[in-house]
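Quick notes on the structure that follows.
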2 protein chains.
Amino acid sequence: MRLTTKGRFAVTAMLDLALRGGKNPVTLAGISERQDISLSYLEQLFSRLRRHELVESVRGPGGGYYLARPLGDVSVADIIRAVDEPIDSTQCGGKENCQDEHRCMTHDLWMGLNAHIYDYLDNVTLATLVAKQDECKEKVLQDRRALKISLVA
Amino acid sequence: MRLTTKGRFAVTAMLDLALRGGKNPVTLAGISERQDISLSYLEQLFSRLRRHELVESVRGPGGGYYLARPLGDVSVADIIRAVDEPIDSTQCGGKENCQDEHRCMTHDLWMGLNAHIYDYLDNVTLATLVAKQDECKEKVLQDRRALKISLVA
DNA sequence: GGAATAGTTGACTAAATTGCTCGGGAATTT
DNA sequence: AAATTCCCGAGCAATTTAGTCAACTATTCC
C-alpha cells in the first residue's frame with residue numbers, strides 16, 4: 001500500500017463530490033476550482049475512478065460525475081487502490097516461501113502491517129468523512145458565535 | 001504521512017538490525033547482503049536514522065550500527081518519520097484557518113486520517129515485529145516437523 | 001442543424017523522488 | 001601501515017507526480 005499525495009488528491013476530490021453530490025452531477029471544473037487541483041490531473045484520476053466503478057459520468061452540458069455507490073460503500077482504501085498502480089507488493093513478487101528467514105521478514109511482516117493499514121482505511125468511508133466535515137462546520141459556527149459574543153461583551 | 005518503499009526499506013533494515021543486534025554492532029554490508037538493499041542506499045538511510053538518534057554507529061573494523069534504544073521504544077512511525085523528508089503536510093502550508101470550507105476539508109480531515117495512521121504505526125514497535133518474526137520461525141519449524149512425520153509415515 | 005458544454009483519450013513534459021554508483025574521505029582496530 | 005567500516009557529496013537513470021495541450025465524442029439547448 002502506498003500513501004502518497006496522489007491518493008490524497010483523489011480522496012479530496014471524491015469528498016468534494018460527496019459533499020456537492022445531490023441529484024446533479026458535479027463537474028471536474030468545479031472540483032478543480034474549489035479544491036485547487038488542475039483539471040487535467042483530475043481527468044486522469046477520475047478516469048481511473050470510473051474504471052474502478054467508484055464514479056459514473058454524464059457527458060454534455062449539465063453533465064459531470066456522481067458517485068456510483070452510496071457514501072457508506074466507498075472507503076478511502078477503495079479510492080487509493082483505484083488511483084495507485086496495482087503495487088507489486090514485495091520484491092520477491094509473490095513467492096510465499098516463508099522458509100527463508102529474510103523472505104519471511106520482509107514479506108510476511110510488512111504485508112501484515114499493510115493489511116492492518118488497509119483494514120483501517122477500509123473502514124473509513126466517504127460517509128465517515130462527510131460526518132466529520134459536518135462536525136467541523138458546526139464547530140466553526142460555534143466559534144463564530146462565541147467570537148461575536150466576546151466582541152459584543 | 002507518506003508510506004513508500006523507502007520507509008519499507010528502512011523498516012526492513014532496522015528489523016534486521018534488531019534481529020542480529022546482540023553486543024556486536026551490525027555492518028551495513030551485512031544488512032545489504034541479507035536484505036538485498038544496495039549498500040549506498042543503506043548508507044543514506046542510516047545517515048538519517050542516526051541523525052534522528054534511532055541508531056548509533058561504531059567505526060573501524062568490527063564496527064557497524066546498533067539500536068540507540070530498546071526494541072520497544074522504536075516504532076515503525078519513528079523510522080518512517082526519520083527517512084522521509086519533513087513532509088510539508090498540506091498545500092495550505094500550516095495555516096490553521098478552518099473558516100474556509102475547502103481548507104477545513106482537505107486540511108483537517110486528511111490530517112485526522114493521517115493522525116490515525118500514525119497512531120497505529122506509533123504503537124507498532126520493533127519489539128512487536130520481532131515477536132511476530134519469532135512466531136513465524138516457530139511456524140516454519142512446526143511445518144518442517146510435520147513434513148518430516150508425513151514423509152516418514 | 002449548430003453551438004456550447006463536459007467527459008475521454010493520448011502524447012508529451014517538467015519537476016521531484018527513488019534507488020543506485022562512484023569516489024573520496026575519517027575513525028578505528030590489528 | 002593496512003584493513004575495515006562508517007561518512008559524505010556529486011551525480012545519474014528510472015519512475016512517479018502533476019500538469020499542459022490538443023483532438024475527439026456525447027449531449028443539451030437554441
Side-chain angles (χ1 to χ4, degrees), chain A residues 1-13 17 20-21 24-33 35-68 80 82-88 90-91 106, chain B residues 1-13 17 20 24-33 35-68 80 83-88 90-91 106:
Chain A
M1 160 115 170
R2 260 158 41 208
L3 212 52
T4 65
T5 49
K6 193 176 188 177
R8 215 170 302 215
F9 274 127
V11 172
T12 301
L17 194 53
R20 305 264 153 189
N24 305 329
V26 180
T27 68
L28 290 190
I31 298 178
S32 169
E33 204 177 325
Q35 306 303 335
D36 201 34
I37 307 173
S38 97
L39 181 57
S40 318
Y41 200 33
L42 280 177
E43 281 171 352
Q44 286 175 44
L45 296 178
F46 274 77
S47 166
R48 297 205 164 169
L49 292 171
R50 195 174 63 92
R51 261 173 272 162
H52 280 78
E53 298 177 3
L54 295 183
V55 297
E56 286 176 12
S57 61
V58 181
R59 289 181 168 193
Y65 285 92
Y66 52 92
L67 295 175
I80 292 176
V83 298
D84 272 344
E85 273 310 302
I87 48 168
D88 66 329
T90 46
Q91 46 271 74
T106 62
Chain B
M1 161 113 169
R2 259 157 42 208
L3 212 53
T4 66
T5 48
K6 193 176 188 176
R8 214 170 304 210
F9 274 128
V11 172
T12 300
L17 195 51
R20 305 265 153 187
N24 304 329
V26 179
T27 67
L28 290 190
I31 298 179
S32 169
E33 204 178 326
Q35 306 304 332
D36 200 34
I37 307 174
S38 96
L39 181 58
S40 318
Y41 200 36
L42 280 176
E43 280 173 351
Q44 285 175 42
L45 296 178
F46 274 78
S47 166
R48 297 199 164 175
L49 292 171
R50 195 175 61 92
R51 262 172 270 162
H52 280 77
E53 299 177 3
L54 295 183
V55 297
E56 287 176 11
S57 61
V58 180
R59 289 181 170 193
Y65 286 92
Y66 50 93
L67 294 175
I80 291 176
V83 297
D84 272 343
E85 272 311 299
I87 48 167
D88 64 331
T90 47
Q91 46 272 75
T106 62

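In what follows, chains are A, B, ... by sequence order, proteins preceding strands, each numbered from 1. Side chains included, hydrogens not; waters and symmetry mates left out as well; all remaining heavy atoms used. Owing to the predicted nature of the structure, the values given are computational and were not obtained by experimental measurement.
In this structure, B/D84 atom CG and C/dG19 atom C1' are separated by 14 Å, rounded to whole Å. Going from atom CD of B/E43 over to atom C1' of D/dC6 covers 7 Å, rounded to whole Å. Between the CZ atom of A/F46 and the C1' atom of C/dA6 there is a distance of 13 Å, given to the nearest Å. Atoms CG (A/L45) and P (D/dG19) sit 9 Å apart, rounded to a whole Å. Between the P atom of C/dT18 and the CZ atom of B/F9 lies a distance of 11 Å, rounded to the nearest Å. In this entry the distance linking CG of A/L39 with P of C/dT8 reads 12 Å, nearest Å. Distance B/Q35 CD to C/dC20 P: 13 Å, rounded to the nearest Å. Counting to the nearest Å, the C1' atom of D/dC6 and the OH atom of B/Y66 are 13 Å from each other.
Side-chain proximity of A/S40 to D/dC7, D/dC21, C/dT21: nearest is D/dC21. Nearest to the side-chain atoms of A/K6 among the listed nucleotides D/dA26, D/dG19, D/dT17 stands D/dT17. When distances run from any side-chain atom of B/Y41 to the nucleotides C/dT8, C/dG19, D/dC8, the shortest one goes to C/dG19.
For the pair B/T5 and C/dG19, the criterion of a side-chain N or O lying under 4.0 Å from OP1 or OP2 is met. Close to C/dT8, at under 4.0 Å from its OP1 or OP2, lies a side-chain N or O of A/Y65. Regarding contacts with the backbone of C/dT8, a side-chain N or O of A/S57 is found under 4.0 angstrom from either OP1 or OP2. Neither OP1 nor OP2 of D/dT4 sits under 4.0 Å from any side-chain N or O of B/T27. OP1 or OP2 of C/dT18 sits under 4.0 Å from a side-chain N or O of B/R2. A/R50 has a side-chain polar atom (N or O) that falls below the 4.0 Å cut-off from OP1 or OP2 of C/dT8.
Screening B/L54, B/L28, B/L67 for a side chain to side chain contact (heavy atoms under 4.5 Å, CB included) with B/L17, the sole residue that qualifies is B/L67.
A donor-acceptor pair under 3.5 Å is absent between the side-chain atoms of A/S32 and the main chain of A/S38, judged by distance alone.
Around the CD atom of A/E53, the shell of radius 6.0 Å holds no more than 12 heavy atoms that belong to other residues, nucleotides or ligands.
Along DNA chain C, the nucleotide nearest to A/G60 and the one nearest to B/V58 differ in position, and the one closer to the 5' end is contacted by A/G60. With DNA chain D read from its 5' end, the first of the two nearest nucleotides for A/T4 and A/G62 is the one closest to A/T4.
A/S47 and A/R51 share a donor-acceptor pair across their side chains, judged by distance under 3.5 Å alone.
Side-chain contact between A/Y65 and A/P25 is absent, with no heavy atoms from C-beta onward closer than 4.5 Å.
For a distance-only test at 3.5 Å, the side chain of A/Q44 qualifies as a donor-acceptor partner of the base of D/dG19.
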